[in-house]
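Scroll down for the structure; my scribbles are underneath it.
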Amino acid sequence: CLGDHEGALPLFEEVLRVSRKVDGDEDVNTLISMSNLAALHQKMGNHHLALPLFEEALEAQRRTIGATAPDTLLTLNNLAMHHLRTERFSVSLPLAGKALKYRRKTLGRNHADTLESIHNLGLLQWHMAHG
């Protein structure tokens, strides 16, 4: 994979730290930064660091922008994929299903994010069948 994850990490951490200080813990930009940092940790294999960030971002997004807001659904989808990557299929499946359901409802059947959720749910079901 191209890129410098190690070099990106302190930058992502700085953005989150400053955003928390300037905008507050539940500002939409802070929550996006938190989700982005979680995704980076996931890509780096730091699953134990990614999970609490995904969970915190998701809960705060649900409270502040709503359960079906596109950013909330992105975090929900990312959390589902986190559990797929850590082979927690029984946790991932309902999250992926919920992300797909609400993306279809709010974004439409042909939206790129909806199609991503369809793909991810199929990927999850494949992994469950092939362990």
Side-chain angles (χ1 to χ4, degrees):
C1 182
L2 296 177
D4 180 9
H5 292 135
E6 294 294 331
L9 183 60
L11 300 174
F12 278 48
E13 291 172 334
E14 180 181 1
V15 169
L16 178 57
R17 186 175 52 257
V18 171
S19 187
R20 282 184 191 262
K21 183 178 179 182
V22 173
D23 299 322
D25 288 338
E26 294 200 349
D27 180 80
V28 66
N29 293 318
T30 301
L31 299 175
I32 291 169
S33 296
M34 187 181 303
S35 188
N36 288 342
L37 178 58
L40 178 60
H41 276 303
Q42 180 173 283
K43 286 180 180 161
M44 295 175 67
N46 301 330
H47 301 293
H48 66 287
L49 297 174
L51 181 59
L53 290 169
F54 277 136
E55 291 175 335
E56 182 181 351
L58 180 62
E59 289 308 309
Q61 286 171 321
R62 284 177 172 159
R63 281 192 307 274
T64 58
I65 59 176
T68 61
D71 286 335
T72 305
L73 297 176
L74 175 60
T75 302
L76 178 63
N77 182 73
N78 288 343
L79 180 58
M81 292 302 93
H82 169 80
H83 288 300
L84 167 66
R85 287 180 181 93
T86 57
E87 298 183 354
R88 296 188 66 214
F89 304 133
S90 64
V91 177
S92 181
L93 187 60
L95 298 174
K98 190 178 290 187
L100 175 57
K101 174 184 173 183
Y102 289 120
R103 280 179 161 178
R104 277 184 173 150
K105 184 176 180 179
T106 60
L107 302 173
R109 299 181 74 77
N110 299 324
H111 191 279
D113 290 349
T114 304
L115 297 175
E116 176 188 38
S117 284
I118 293 169
H119 172 306
N120 289 342
L121 189 56
L123 185 64
L124 172 59
Q125 291 175 345
W126 186 89
H127 277 282
M128 289 174 72
H130 294 90

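None of these values were measured; they are calculated from a predicted model. The chain is numbered in sequence order, starting from 1.
Annotation: side chain of Thr106 is in contact with side chain of Leu73 (closest heavy-atom distance under 4.5 Å). In this structure the side chain of Asn77 reaches within 4.5 angstrom of the side chain of Asn120, judged on heavy atoms.
Not counting sequence neighbours, the partners of Leu74 by the side chain to side chain contact (heavy atoms under 4.5 Å, CB included) test are Asn78, Arg103. Annotation: ring pair (Phe, Tyr, Trp, His ring centres under 6.0 Å) contacts of His48 (sequence neighbours excluded): none. Residues meeting the side chain to side chain contact (heavy atoms under 4.5 Å, CB included) test with Leu124, sequence neighbours left out: Leu84, Phe89, Ser92, Leu93, Ala96, Leu121, Met128.
From Leu49, atom CG reaches atom CD of Gln42 across 12.0 Å, with rounding to the nearest 0.5 Å. Rounded to the nearest 0.5 Å, atoms CD (Glu56) and CE (Met34) are 4.0 Å apart. Once rounded to the nearest 0.5 Å, the distance linking CG of Leu107 with CD of Glu116 reads 11.0 Å. In this structure, Leu37 CG and Ser19 OG are separated by 12.0 Å, a value rounded to the nearest 0.5 Å. To the nearest 0.5 angstrom, Thr72 atom OG1 is 12.0 Å from Tyr102 atom OH. Taking CD1 of Ile118 as the reference point, atom NE2 of His111 lies at 12.5 Å (rounded to 0.5 Å).
Residues Ser35 and Phe54 come closest through the heavy atom pair O-CE2, 3.8 Å. Smallest separation of non-hydrogen atoms from Ala50 and Ala38: CB-O, 3.3 Å.
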CA sep, side-chain torsions, deciding dist, call: Asp71, Val28, side-chain contact (heavy atoms from CB on, under 4.5 Å): CA-CA 9 Å; Asp71 286 335; Val28 66; 4.1 Å; yes

Test log, rule side-chain contact (heavy atoms from CB on, under 4.5 Å), inputs Lys105 and Thr68: CA-CA 9 Å; Lys105 184 176 180 179; Thr68 61; over 6 Å; no

Pair Glu13-Leu9, side-chain contact (heavy atoms from CB on, under 4.5 Å): steps then yes or no: CA-CA 6 Å; Glu13 291 172 334; Leu9 183 60; 3.8 Å; yes

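A chain of hydrophobic side-chain contacts below 4.5 Å, direct or via other Ile, Leu, Val, Met, Phe, Trp or Tyr residues, connects Met44 to Phe12. Leu100 and Met81 fall within a single hydrophobic cluster, where Ile, Leu, Val, Met, Phe, Trp and Tyr side chains are chained together by heavy-atom contacts under 4.5 Å. If you chain together hydrophobic residues whose side chains sit under 4.5 Å apart, Leu11 and Ile32 never meet in one group.
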Which side-chain N or O atoms in residues 58-65 pair as donor and acceptor under 3.5 Å with protein atoms at least two apart or in another chain?
| from | atom 1 | to | atom 2 | distance (Å) |
| --- | --- | --- | --- | --- |
| Glu59 | OE2 | Arg62 | NH1 | 2.9 |
| Gln61 | OE1 | Thr75 | OG1 | 2.7 |
| Gln61 | NE2 | Thr75 | OG1 | 3.4 |
| Arg63 | NE | Glu26 | OE2 | 3.2 |
| Arg63 | NH2 | Glu26 | OE2 | 2.2 |
| Thr64 | OG1 | Ala60 | O | 2.8 |

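Residues in residues 24-47 take part in these ring-ring contact (aromatic ring centres under 6.0 Å, His included) pairs, two or more places apart or across chains: His47-His82. Counting only residues at least two apart or on different chains, the ring-ring contact (aromatic ring centres under 6.0 Å, His included) pairs with a member in residues 112-131 are Trp126-His130.
The only option from Val18, Val22, Leu16, Val15 that meets the side-chain contact (heavy atoms from CB on, under 4.5 Å) definition with Thr30 turns out to be Leu16.
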